[in-house]
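Chain A is the first sequence line, chain B the second, and so forth, proteins listed ahead of strands; every chain is numbered from 1. The basis for the numbers below is simple: all heavy atoms, side chains too, and nothing from hydrogens, waters or symmetry mates.
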Amino acid sequence: MPSVQYEAPTSLAQAAQSLHGSSDAKILAGGTDLLVQMKLGIRQPALIVDIKHIPELMELTLGDRGLHLGAAVPGAIVSAHAKVGNMYPGLVEAFALIGSSQIQGRCSAGGNLCNASPAADSVPALMVNRASCNIVGPKGTRTVAVEHFNTGPGKNCLENGEILVSMDIPLPAPRSSDAYLRFIPRTEMDIAVAGAAVALSLDASGVCTAAIVAIGAVAPTALLVPAAAVALIGTTLDDAALHKAAAAASAASSPISDKRGTAEYRRKVVGVLVRRAAAIAKARIEAKV
Amino acid sequence: MSTQKKTHVSTTINGEPCEFLCEPQQILSDVLRTNLNMTGTKEGCTTGDCGACSVILDGALVCSCLVLAVEAENRSIETIEGIAEDGKLHPIQQKLLEHAALQCGICTPGVVIASKVLLEKNPDPSEEQVRYWLAGNLCRCTGYDKIIRAVLDAGAVMRGEARS
Amino acid sequence: MNQQVKPVKTDFKYVGTRPIRPDGPDKVTGRAKYGADLNLPGMLFGHIVRSPHAHARIKSIDFTEALKLPGVLATMCADDLPDPGDRILPGAEIEMKLKDISPIIMARDKVLFHAQAVAAVAATSASLAAEAAKLVRVEYEVLPHVLDVHAAMRDDAPLLHNDMFTQGMNPPPTTPSNLSVDFTMDMGDLAAGFAEADVVVERTYRVPMCHQGYIEPHAAVARTDGNGRVEIWCCTQGHFMVRSMTAEITGIELGKIKVIASEIGGGFGGKTTVYGEPVAAVLALKSGRPVKIVMSREEVFRATGPVSSAETRVRIGAKNDGTITAIETDILMESGAYSSSPIMPSTMFAAACYRCANMRSRGREVLTNKAKVWAYRAPGAPQSIMAVECAINEVAERLGMDPIDLRLKNAVEEGDVPLFGLPFLAIGLKKALQEAKNHPHYRAPLQANQGRGVAAAFWINAGMQSSATINVAADGSLHVLTGNPDIGGSRASMALLAAEVLGIPVETVHPSVVDTDSVGYCDTTGGSRTTLATGGAVIQAAEMLVAELCKRAAAIWNVNFDDVEWSDGKAIARIGADLENLMEGTAAAASAPKVLTLAELAAMAGATGGPLCAVATLHAHNAQPAFAVNICDAAVDRETGKVDILRYTCIQDAGKAVHPAYVEGQMQGGAVQGIGWALNEEYIYNEKGELDNAGFLDYRIPVASDLPMIDTVIVEVPNPLHPFGIRGVGEVPICPPMPAVVTAVNQAAGVRVCDLPLTPPKLLAAIDAA
Amino acid sequence: MAKVIFSSQLQRYTDGVRELEVAASKYQDLVAELSQRFPAMTTAVIDKYAIAIDGVINQMPLLARFDHDSELVFIARIAGG
C-alpha cells in the first residue's frame with residue numbers, strides 16, 4: 001500500500017492548498033463511502049483531506065431563504081433538527097434512510113451527493129427540493145443545480161481542487177410538502193433498488209399547482225421526471241393521475257439488472273414508489289392545513 | 001510502507017486522556033484493538049455493515065471501522081470498556097444478562113453502545129424504534145427477540161419504572 | 001439391549017432455572033477474548049494470497065519481490081505441507097479425505113475456486129503483509145470452469161478432479177466425472193404406494209447456496225517455543241479438531257501442538273474445520289515469531305465453507321383420508337470444489353417426520369468451481385425438508401385438510417421405523433404438533449394478502465466423545481473444566497448440571513473451557529451434542545464426586561459407605577444406620593457431626609485422602625432425535641413483492657431444557673436464520689466464478705427491524721437414554737423455517753414460487769404472471 | 001439370534017438380502033460373520049458405518065455387545081454443524 005497522508009485544514013483556503021498540492025487527493029467527510037472503498041481496494045488516495053474542521057462545511061441554518069446545509073453535516077444532525085424535519089419531511093426522511101444509526105452519525109449530506117452513486121437516497125429528495133450546490137475551487141466559486149451535479153455512476157462535476165461547500169434549499173411554498181420512498185429487500189441496511197421523491201403544491205381546492213418528481217437507482221444518475229410532474233399538475237392527485245405519473249416515471253427510467261434487482265423489476269417498482277410518495281406528500285399537505 | 005511515518009494523536013478515551021501513534025490510514029477500530037489492546041470493540045466486517053465496532057465519538061454513535069484513527073485528535077471516544085461505572089454494570093448490560101440476550105456475545109459490545117445512545121436520546125422507545133435503531137447491529141445467534149426485550153426493559157429501569 | 005439405562009430423572013432443583021450465564025459479565029463489558037483479540041509481543045501478521053481464477057493450474061509461485069520488503073519475515077505455500085496422498089483423516093466421525101481438506105489451506109497444483117488460498121506471507125504489520133501478498137507472483141494456466149450443477153454433470157463439462165469416480169453406483173463408473181455421489185435408499189414398494197394414492201403432489205424446490213453468517217471472522221494466533229512445540233489460539237467449535245487437523249495438514253507431531261480455544265463469535269457449523277490455523281502454525285515455525293491471521297469479512301464469504309445449494313424433486317401420494325402412501329425425494333446437492341456436502345443426512349432425513357411404508361430417496365452430490373461447502377446447523381436437512389414440508393402442505397390443500405391434522409395423522413411415534421432404519425424411541429413430534437394446533441397463533445385471523453405456513457422437522461442429533469474434570473476448591477466451590485467451546489451458553493448448562501447433582505447453588509459452580517492439554521479429549525461443539533454429551537460427562541464426574549464425598553464422610557464418621565447419603569450439598573448419615581457405632585465408637589467418630597456440607601468436606605480434603613477431583617470421559621451413544629414445528633404468518637406487498645414476517649412461533653421438543661432461556665434462544669436464532677435463507681440470503685456468483693456479494697451489505701442476513709418477536713413453546717418428552725432426559729436442541733430449529741415461510745408467502749401472494757430465496761423481483765414476477 | 005437389517009444402500013453388498021439372523025453377540029464377531037457370509041462386505045465397507053443397536057446409535061462400536069433378540073441397523077455416520 002502506498003503511503004497515505006492525512007490533513008485536516010481549518011479553512012477553505014488551507015483545504016484548497018492541500019488539494020492543489022496533490023494530484024491524488026480524496027476529500028474525507030463522513031468517510032462512510034471513502035473508507036469502505038479504501039478497505040476494498042477500490043481507491044488508494046495519496047492524500048486524505050478531512051474537511052470537517054472547516055466551519056463553512058459544518059453549518060446548518062434554517063432562515064428566510066431556506067435551509068443552508070454544510071456539505072459535511074452528518075445525517076444524525078439533520079434528523080435531530082425538528083424545524084428542518086417539519087419543513088422538508090421528505091428530504092429528512094431521505095437523509096435518515098442512509099445506512100444504519102451508526103452510519104447516520106457520520107454520513108454527510110455532501111458526501112452522499114459527491115459519491116455519485118445512482119442509488120444515493122438523498123439526491124432525488126434534494127432534486128425535488130430544488131437544492132443548489134455551492135462549490136469553491138481554484139477558479140473561485142460557482143453554484144450548480146443539484147440535478148446537474150452528478151454526471152454518471154461515481155462521477156460528479158467537481159473539477160480538480162474543487163470542494164462542495166454547502167447546499168441551499170429554498171423554502172417550500174405554502175401548501176406544499178414532499179416525500180421520499182425507496183425500495184429495499186430488507187427494512188434497513190440495503191442500498192436502494194429504486195427510489196422516488198415527490199414535492200407537491202396544492203391550491204385551496206386540493207388541485208395540484210406544482211410538482212417535481214425525481215427517481216433514483218434506475219438510471220446512471222438520479223433523474224428528474226418532468227413528464228411525471230406534468231401528469232400530476234392540474235389534477236386532484238386522483239388514482240388516474242397517480243398511475244399516469246407512475247407510468248411516466250417507469251418510462252423515464254433506464255435501469256440495469258444486477259445483484260440487487262432486475263431492470264424489469266426496478267422499472268415497475270419505481271412507478272409504484274412515485275405513486276405512493278405523491279400520495280404521502282399530498283397527505284402531508286392536507287394534514288398541515 | 002513499514003518506514004512510513006506514524007502520526008501522533010492525542011485524544012480522550014472513556015474520560016481519560018490517551019495518546020497513540022498510528023499509520024494515517026489506520027482505522028479507529030484497529031488502533032483501539034491492536035495499538036491500545038482495547039479489544040472489547042469488535043470487528044465483524046470493517047465496512048460499516050455489522051455494527052460490532054460501535055463506539056461513541058463526541059456523543060455520536062459511529063462504527064469505529066469507518067473512522068480514521070487520526071480523526072480522533074482532540075475528540076472524545078467512549079468504548080465498551082467504559083460503560084460499566086465503578087465496577088457496576090450499566091442497566092443495559094445487566095438486562096442483556098438477565099434476558100439471556102446474548103449467545104456467542106460478539107455483537108454484544110456494539111449492542112450495548114448503540115442501545116446506550118438510543119436510550120439517552122429517547123428514554124422510552126417503542127419496540128419498533130428499538131428494532132430500527134439497532135438494525136445496524138447484526139446478530140446471527142439470537143433472532144433479536146431477547147435483545148429487543150432487554151433494551152426495552154433497560155429503558156424502563158433507566159426511567160425508574162422497573163427494578164434494576 | 002446392551003446398554004444399562006437408569007430411570008430418567010424428573011425432579012430438578014437447578015436444571016430448568018434461568019441463572020445468569022457465568023461468562024456473561026465478561027461479554028457485556030468487552031473483557032471476553034475472542035479469536036482476534038490476542039496480541040503478543042513481536043507478533044507478525046499473516047496474509048493469504050488467493051486465486052484470481054475459478055479454475056487454473058498453478059505453474060509457479062515466486063516470493064522474491066515480496067521478500068524484498070523490509071519486515072516480511074516468512075512465506076509459505078503448499079510445498080511447505082506434506083502431500084496428503086490418500087490419507088483419511090483419523091478420528092473424524094465422517095470419513096474425510098485429507099486431499100479434500102489440505103488444498104483449502106493451500107492449493108496444490110490446481111486452484112478449483114476463486115479466492116482459494118495459494119500462498120501466505122507474514123510481516124511486521126497487517127498493512128505490510130497485505131502489501132507483500134500483492135507482490136507474490138503466481139503464474140497460472142487458466143482452465144475452463146463450471147458453476148452450475150446441471151452443466152457440471154454433462155459429459156463435456158470441465159472436470160474438477162481427474163480421480164473422481166461416482167460413489168454409490170453399481171457397477172462403479174470407469175470414467176471420472178463431477179458427480180461424486182449417487183445413492184438411493186428404498187423402503188417398501190413405491191409404485192404400489194403411488195397407485196394407492198388418491199392425490200399425488202410433485203414439485204421441484206430449489207434452495208440456494210448460503211453462508212452461516214457468523215459475525216466473528218476466523219482468527220488464529222500461533223507461536224512456537226523454538227523447540228518444535230506449537231501453541232495455537234483460535235476461535236473454533238473444536239480445539240481438539242484444530243489440533244488433529246493441523247497435525248495432519250502440516251505434519252507437525254500432534255503431541256507437540258496445544259490449542260487454546262478463545263471465545264467464539266458464532267459458528268453454526270462453519271467453524272468445525274480449519275483455515276488459517278495451520279498456516280499460522282507453519283509461518284510461526286518458519287519465522288520463530290508469533291503469527292496472527294485474521295480473515296477479512298470478504299475472505300470469510302469467498303473462501304470459507306458456504307452451505308450447499310440443493311434442488312429437490314419431491315413426490316408425495318396420499319389417500320383421501322389423509323393417509324400418506326408414498327414419498328419420493330430426489331436431491332441434487334452442490335458441494336463446491338471438493339466433496340464435502342451433507343448429501344447423506346439430506347437424503348436420509350428428508351421425510352423422517354412421516355410414517356410411510358413406501359419411500360425412496362435418492363441423493364446426488366455434484367462438484368462445481370465454487371468454494372468448498374461445509375456444515376451449517378443440521379447439515380443437509382433444511383434443504384430437503386424444505387421440499388417435503390412444502391409438498392405436505394400442498395397435499396393438505398388438495399385434500400382440503402388442515403395441515404397440522406394431516407401431519408398428526410401421519411407423524412412418526414415410538415416404534416416407527418423411518419427410511420434410514422433406526423426405530424424411534426419416545427419422541428415429541430406429535431406433542432409438538434398438538435401444541436402448535438392449540439396455540440393461539442394458529443387460530444388468529446388473517447387479513448387480505450396474508451398467509452400462514454406450518455412445517456415440521458426432524459434432526460438426528462449427535463453424541464460422540466466428551467470429557468469433564470471437576471475440581472473442588474477448599475471453600476466447596478466447583479471448577480468444572482470441559483473441552484467444548486461455548487457457542488451459545490453451554491457453560492451455564494454445565495454449571496446447572498453439576499449444581500443439580502451436587503445439590504449446591506449454581507453460583508458456586510465455575511465452568512471453564514480449557515485447552516487441549518488441560519482436559520480429556522472432546523469432540524467438536526456441533527451436532528447439538530454439547531449439553532447432552534459433555535453435559536453427560538459433567539453429570540458423571542459430579543456423581544463420581546458425590547460417591548467420593550460420601551466415602552470420605554463415612555471414613556470421618558467411621559460408618560459404612562452405604563449408610564451415607566448425599567442430599568442438597570451435604571453428606572448425611574442415614575438415620576438408624578450404625579447409629580450406636582456412631583455414638584459409642586471412637587472419640588473422633590463420636591465427636592463428628594452427622595451432617596457434613598460440601599464446604600466442610602472440602603476443607604478437610606487434605607486430611608481425608610487429598611484433593612477432591614473427578615474426571616469422567618465417555619462416548620455418548622444416547623443422543624436422540626429432536627423435532628420442531630414452526631408457524632409463520634407473512635404479508636406480501638402485491639405491487640413490490642416485498643415480504644413482511646408478521647408473526648412467528650416455534651415449538652420444539654427439548655427432552656429436558658437445562659437452561660430454558662438458552663433453549664429459546666436456539667429456537668429463535670434458528671428460526672431467523674431460516675427466515676433469512678428463505679427470503680434474502682443467497683450466494684450470487686458472476687460468470688467468472690467470483691462471488692458478487694461478499695459482504696454483509698449484499699449478503700442480506702435479517703436485521704432487527706425485519707422481524708417480529710419470535711414466540712417459543714418448549715415441549716419436554718424426555719430422552720429415555722439420558723440420565724436427565726436431555727436431547728440436543730441447537731440444530732433442528734433451522735429445519736422448519738424455510739417451508740413455513742415459503743408456504744405462508746406463497747399463500748399470501750396467491751402464487752407457488754419454488755425457487756428460493758423468495759426475493760421481491762421473483763415474487764413480483766410470479767404475482768404479475770398469475 | 002440377533003437380527004441385522006441392511007439398508008438399500010448396503011444391500012448391494014449382500015446380494016439383495018435385507019434381513020439376516022446372526023449368531024454373534026459382539027460387534028467384532030458380527031463383522032467377521034458378515035464378511036464371511038458376504039465377501040463384498042469387507043471390513044473397510046462396514047467401518048464406514050455406525051451401528052444402531054435397538055435404536056441406539058454407536059458411532060465407534062468396536063467393543064459393542066448385543067443380545068440374542070437385538071435388532072441391528074447399519075447407519076451412515078452423521079456429525080452435525
Exercise. Hey, is A/R266 close enough to A/D258 for a salt bridge, meaning N to O under 4.0 Å?
Worked result: yes
Exercise. Do A/D178 and A/P89 have side-chain heavy atoms sitting under 4.5 Å apart?
Worked result: yes
Problem set entry | Basic-acidic side-chain contact under 4.0 Å: A/E93, A/R284 | yes
For this session: Return the option, out of B/L68, B/D49, B/L134, with the maximum number of heavy-atom pairs under 4.5 Å with chain A.
Result: B/L68
Exercise. Given a strict heavy-atom distance threshold of 4.5 Å, which part of B/V117 is in contact with chain A: side chain, backbone, both, or neither?
Worked result: neither
Exercise. For A/I77, is it the side chain, the backbone, both, or neither that has a heavy atom closer than 4.5 Å to a heavy atom of chain B?
Worked result: neither
Problem set entry | Charged N-O contact under 4.0 Å between B/K95 and B/E98 | yes
Seminar exercise, completed: Okay, A/L28 and chain B: the region with an atom under 4.5 Å from a heavy atom over there is side chain
Problem set entry | Interface residue of largest heavy-atom contact number with chain A, from B/C45, B/C63, B/G59, B/C53, under 4.5 Å | B/C63
Seminar exercise, completed: Looking only at B/V67, B/I113, B/L118, B/T7, most heavy-atom pairs under 4.5 Å shared with chain A are made by B/V67
Problem set entry | Residue of the set A/V36, A/D33, A/L35, A/L34 for which side chain to side chain contact (heavy atoms under 4.5 Å, CB included) holds with A/R43 | A/L34
Exercise. Can you tell which of A/I48, A/T187, A/T32 has the highest number of heavy-atom pairs within less than 4.5 Å of chain B?
Worked result: A/T187
Problem set entry | Max heavy-atom pair count under 4.5 Å with chain A, selected residue of B/V70, B/L138, B/T47 | B/V70
For this session: Let me know if B/E71 has heavy atoms under 4.5 Å from chain A in its side chain, its backbone, both or neither.
Result: both
Problem set entry | From CA spacing to verdict: side-chain contact (heavy atoms from CB on, under 4.5 Å), A/S166, A/H68 | CA-CA 7 Å; A/S166 60; A/H68 179 75; 3.2 Å; yes
Exercise. Relative to chain B, which of A/R186, A/H53, A/M189 shows the most heavy atom pairs under 4.5 Å?
Worked result: A/M189
Exercise. Tell me, side chain or backbone of B/A60 under 4.5 Å from chain A's heavy atoms, or both, or neither?
Worked result: side chain
Exercise. Taking the six-membered ring for Trp, are A/F183 and A/Y265 ring centroids under 6.0 Å apart?
Worked result: yes
Problem set entry | Ionic contact status for B/K116 with B/E78, cut-off 4.0 Å | yes
Exercise. With a 4.5 angstrom heavy-atom cut-off, which part of B/L57 approaches chain A: side chain, backbone, both or neither?
Worked result: side chain
